[in-house]
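Any value given below was found using the heavy atoms of this structure, including those in side chains, with hydrogens, waters and symmetry copies removed. Lettering follows sequence order; numbering is per chain, from 1.
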There are 2 protein chains.
Amino acid sequence: MTAPHTPAAATEARLLTTTDPRSGARRATAIAVTSDASVAATAARAASAFCELRERPRTWRAGLLRALADALEADREALVDTAAAETGLTAARLDGELARSAFQFRLFADAVAEGGYLEAIIDHAGPTPLGPGPDVRRMLVPIGPVAVFGSSNFPFAFSVPGGDTASALAAGNPVVLKAHSSHPLTSQRAFTVLAAAADAHGAPHGTLGIVYGQAAGAALVADPAIAAVGFTGSLSTGRILEQIIAGRETPIPFYGELSSVNPLVITDGAAAARSGEIAEGLFASVTGSAGQLCTKPGIAFIPRGPAGDALVEGVVARARAADAQTVLNGRIHGAFEQIRSRLVSDGRARSLVAPRAGGEGFSLTPAVLTIDAADATAAVAEEAFGPLIVIVRYGSIDEVGAALRAVPHSLTATIHSEPGETEHRRALTAAVTDLAGRIVYNGYPTGVRVSWAMHHGGPWPATNTLHTSVGVTAIRRFLRPLAWQDAPAGVLPAELRDGPADLPRRVDGVLRLAGA
Amino acid sequence: MTAPHTPAAATEARLLTTTDPRSGARRATAIAVTSDASVAATAARAASAFCELRERPRTWRAGLLRALADALEADREALVDTAAAETGLTAARLDGELARSAFQFRLFADAVAEGGYLEAIIDHAGPTPLGPGPDVRRMLVPIGPVAVFGSSNFPFAFSVPGGDTASALAAGNPVVLKAHSSHPLTSQRAFTVLAAAADAHGAPHGTLGIVYGQAAGAALVADPAIAAVGFTGSLSTGRILEQIIAGRETPIPFYGELSSVNPLVITDGAAAARSGEIAEGLFASVTGSAGQLCTKPGIAFIPRGPAGDALVEGVVARARAADAQTVLNGRIHGAFEQIRSRLVSDGRARSLVAPRAGGEGFSLTPAVLTIDAADATAAVAEEAFGPLIVIVRYGSIDEVGAALRAVPHSLTATIHSEPGETEHRRALTAAVTDLAGRIVYNGYPTGVRVSWAMHHGGPWPATNTLHTSVGVTAIRRFLRPLAWQDAPAGVLPAELRDGPADLPRRVDGVLRLAGA
């Protein structure tokens, strides 16, 4: 197991700082920026761990994931305290996020034990319409060491102990983490906890590694030992990483979750029936975690007329009355006002509630903008991380459909409608199907359920279009197919040998459940 | 349905030529290079067809695929004649390839009817360890219009009526074909046959389209309506297409099958037991279809010593006695000798059999090179399309392992060994696992079975690492996940509604067979 990186190992012992977003106070840490040599050594250890790790049986790997979950929970208090000081998130929110991270590890453990994710297929030798066919067996195998970039906004669930780490390990790959600059101490602590638990479970040296600093992240993505990259962050950084990958001798899959404005549409009927309830739910969804969720509804379509007015008024009143919230870091704090004023400055979006000045550290109050559907193009094309919502007023569902064509691809789209509005619901569903990865009905897109069916992805730039980063199917990102032809049983993985199987398989074209 | 492109529709009626590779004689066709405007119009028709096509039920789509298979077979004689004149391939080979193409359409029809490829998952609402969970349902949906680039070497099975076309249509996407310049008349005829059958089956206008000419192919990949690209061809052209994709506003998945040297290893035991049989099988695999198969074994590791000598002698004798074969086009013909002499000119690879000069058209005789395992690095890194094999002589399995590290990632790797050689077989299997997408034992990699388990892919540059282009799982390339949260039954696809299902699904974590 790789020890957390220490200053002694760095060529230049440039130390990272950490900032308390509630005060803005910055202090030094004992964590050094990782040197290029140390990045290469960490990647090399991952590569050598891979040779051993891939041979471990599924039961062992499920056990590893459960051990990681237990270890996280055992250190809950210290992890939450450390994260609270670096992120400004509340202890309740961080507690929930840690529980979610542990749950993720256990859900992937269940999936590994069940085995369906391997997509095992056996075609026995035999006559085919094209002549005699050889015996061909295929399943998914781990892709190799995975670089995982932690996010700013989820110090646990999308960072060191997050979903990318869980799914890459579940697939059988070592993971090298790039700690997010906003929470180095949290990253280091979580890494130490996971690494110790992996060690105790007998994981090969190098199963988990971590690097610190922007240059180290770039060097990691360029390292030949790295076989895939998981990234949650900005579109601009995502593009830089993609360029590094394009310059590699061997390009590798890049799984970026990059940007999402998450349109939400409220029909006439829904506004008429539930304006108060929706104003409350929408406002909570926009401002939860200070609006720093990739599924935050950034743009809401609300009908013109009295019911829509009442709904808007409900959101506006709540925004005016809201307390200030602390955002994660100075970059988000600065960008929020930049994006907000850019949306206003072209003269089409109007400010309904401007953020109030003042407050310690990186604090913000919610902002509400409004725009007519006909003018929506300019105002909707940019994600504003933080408690900001653009309200688009519309006259007809057709107008919504036209405006939606200007909305960038997103992780989610949400439709509020009433039971009788079948046609509107159908038209809106059709309008958002190509736009989003998840369609939410009469609810809110924030609060992503971690489950088998969850899809947290969407057409680019929401993600790379083809995969999810939340839920069990996220594991597919870190696997590749391999086929064996006429192989002696001795070289086949246990999952592909004849006889009763402990996983579902497709045999000679017919899907069979485990045990068959 | 789009009519085949005619000169009248082109801005400049620059006509394509076609060449008979058996004589080298070139003649004009009536097929014009497709103008940029016409490419855009074809892509736009595909986009509008997509809106209708995606709504058709699986039974309809399975019927479409079967109708295409029937139509191909009904035109078999004319298709084979046309292809024989443009490719120089034998009628027997082309007959088999047409049968394979029809079989592919039918296999995908079976898969569509069965429905497992949709990966349907239902998580009902209910309590979870993290609190109440919403109802989430997920399945794969078609990605959008797919550009398919036909290959030179399979005028049917990897071209207009090929596997990419079948899998993209099976997924529910329209297809715009880029005809290969080596066989425009074959492409046009196959397209006409398929388009008429699709029309007769009631497919929406624009379900199939075709463009001709290199610039048209580039414009097609850049077109915003195109959602994915399937390509079988050279690494250099693949790289150009990837660059075009990188320049798009929205990047899209690129599925290239680009290059493969397909190492084959013969152990001491196998050489001793079967030198005559292996010499015959290996020579047939290297020279079948004039060596123009992406799975051709391009490099064979043969032990030093008498048994290996006998095996080499068997290959050499067959190569010396071989008749000339016609290759597909002038480019392949020219590149073959260029690559062969480059492999020899550094002074390490030695020529055992040089191609004999002469012969009409683009004809070649087989070439055999040899090299020591210690020197193998330089000689093995390049695919030579055509009847060429590099024989690497080795002293120990460790030497093979070291030399294999210099072999580029490939579609296949092959191991010939005897039952007692358990350790060697295991070591060689480990050595090729990261190198290839399919491992063949005591056989030959050419002759790719079209089946559920087949994987025809491999780490880049064999393909994009993650997917196959042959076999049923190829369909996954042209699908993306979509989730519905708390959706009224009316907006859900039939496959995700409660009640007995006509496809396998995972419900609340448990996989269920169709009917359950």
Side-chain angles (χ1 to χ4, degrees), chain A residues 96 99-100 103 110 116 119 121-123 128-130 133-134 136-138 141 143-144 246 250-251 253 409 422 425-426 429 433-434 437-443 449-455 457 459-460 465-468 473 480-488 490-491 504 506 509 511 513, chain B residues 96 99-100 103 110 116 119 121-123 128-130 133-134 136-138 141 143-144 246 250-251 253 409 422 425-426 429 433-434 437-443 449-455 457 459-460 465-468 473 480-488 490-491 504 506 509 511 513:
Chain A
R100 178 193 174 105
F103 178 78
D110 293 347
E119 301 178 9
I121 310 180
I122 298 175
D123 291 328
T128 82
L130 305 177
V136 184
R137 298 170 191 232
R138 173 251 197 211
V141 299
I143 196 169
T250 301
H409 295 153
T422 318
R425 193 163 49 235
R426 191 170 298 156
T429 298
T433 292
D434 285 336
R438 176 167 53 108
I439 311 177
V440 179
Y441 296 85
N442 286 0
R449 179 177 178 183
V450 179
S451 69
W452 291 79
M454 178 49 65
H455 178 56
W460 195 94
T465 306
L466 297 170
H467 292 283
T468 181
T473 59
R480 68 181 181 91
L482 186 62
W484 291 257
Q485 182 168 318
D486 291 330
V491 299
R506 186 175 293 275
L511 186 62
L513 300 179
Chain B
R100 177 193 175 103
F103 178 77
D110 293 346
E119 301 178 8
I121 310 180
I122 297 176
D123 292 328
T128 82
L130 305 177
V136 184
R137 299 171 190 233
R138 173 250 196 210
V141 298
I143 195 167
T250 300
H409 295 153
T422 316
R425 190 162 53 235
R426 190 170 299 156
T429 298
T433 292
D434 284 337
R438 177 167 51 109
I439 311 176
V440 178
Y441 295 85
N442 287 358
R449 179 176 180 184
V450 178
S451 69
W452 290 80
M454 178 49 67
H455 178 55
W460 196 93
T465 308
L466 296 171
H467 292 283
T468 181
T473 59
R480 67 179 181 93
L482 187 61
W484 291 257
Q485 181 167 318
D486 290 330
V491 300
R506 187 177 291 276
L511 186 63
L513 299 178

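Residues A:A483 and B:H455 come closest through the heavy atom pair CB-CB, 3.7 Å. Heavy-atom minimum distance, B:V136 versus A:A453: O-CB, 3.3 Å. Taking every heavy atom of both residues into account, A:R480 and B:G437 meet most closely at NH1-CA, 4.5 Å. Across every non-hydrogen atom of B:I121 and A:W452, the tightest pair is CD1-O, 3.4 Å.
Ranked by non-hydrogen atom pairs under 4.5 Å with chain B, the options A:P134, A:P459, A:G116 are led by A:P134. Counting heavy-atom pairs closer than 4.5 Å to chain A, the top residue among B:P504, B:P253, B:G490, B:P488 is B:P488. When each of B:G443, B:A99, B:G509 is checked for heavy-atom pairs under 4.5 Å with chain A, B:G509 comes out on top. Most heavy-atom pairs under 4.5 Å with chain A: of the set B:T422, B:T429, B:L482, this distinction falls to B:L482. In terms of heavy-atom pairs under 4.5 angstrom with chain B, the leader among A:G96, A:P129, A:G144, A:A246 is A:P129. For the options B:T250, B:D486, B:L466, heavy-atom pairs under 4.5 Å to chain A are most numerous at B:L466. Chosen from B:I122, B:T433, B:V141, the residue pairing most often with chain A at heavy-atom distances under 4.5 Å is B:T433. Contact tally against chain A (heavy-atom pairs below 4.5 Å) for B:I143, B:D434, B:N442: the top residue is B:D434. Annotation: maximal heavy-atom pairing with chain B below 4.5 Å, among A:R426, A:R100, A:H409, A:R506, occurs at A:R506.
In this structure, the portion of A:L130 lying under 4.5 Å from any heavy atom of chain B is its side chain and not its backbone. For A:D123, the parts lying under 4.5 angstrom from a heavy atom of chain B are both the backbone and the side chain. Using a 4.5 Å cut-off between heavy atoms, A:R137 contacts chain B through its backbone alone, with no side-chain atom that close. Looking at A:T128, the atoms closer than 4.5 Å to chain B (heavy atoms on both sides) all sit in the side chain, from C-beta outward. For a residue to count as touching a neighbouring chain, one of its non-hydrogen atoms must lie under 4.5 Å from one of that chain's; by this rule B:P251 touches chain A with backbone and side chain alike. Residue contact with chain A, scored on non-hydrogen atoms closer than 4.5 Å, involves the side chain of B:T473 exclusively. Contact annotation for B:T465: both backbone and side-chain heavy atoms come within less than 4.5 Å of a heavy atom of chain A. Contacts between A:S451 and chain B at a heavy-atom distance below 4.5 Å involve backbone atoms as well as side-chain atoms. Heavy atoms of B:D110 lying under 4.5 Å from chain A are absent altogether.
A distance of 11.0 Å separates OH in A:Y441 from CD in B:Q485, rounded to the nearest 0.5 Å.
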Test log, rule side chain to side chain contact (heavy atoms under 4.5 Å, CB included), inputs A:E119 and B:E119: CA-CA 11 Å; A:E119 301 178 9; B:E119 301 178 8; 4.0 Å; yes
Test side chain to side chain contact (heavy atoms under 4.5 Å, CB included) applied to A:R138 and B:T468, step by step: CA-CA 11 Å; A:R138 173 251 197 211; B:T468 181; 5.6 Å; no
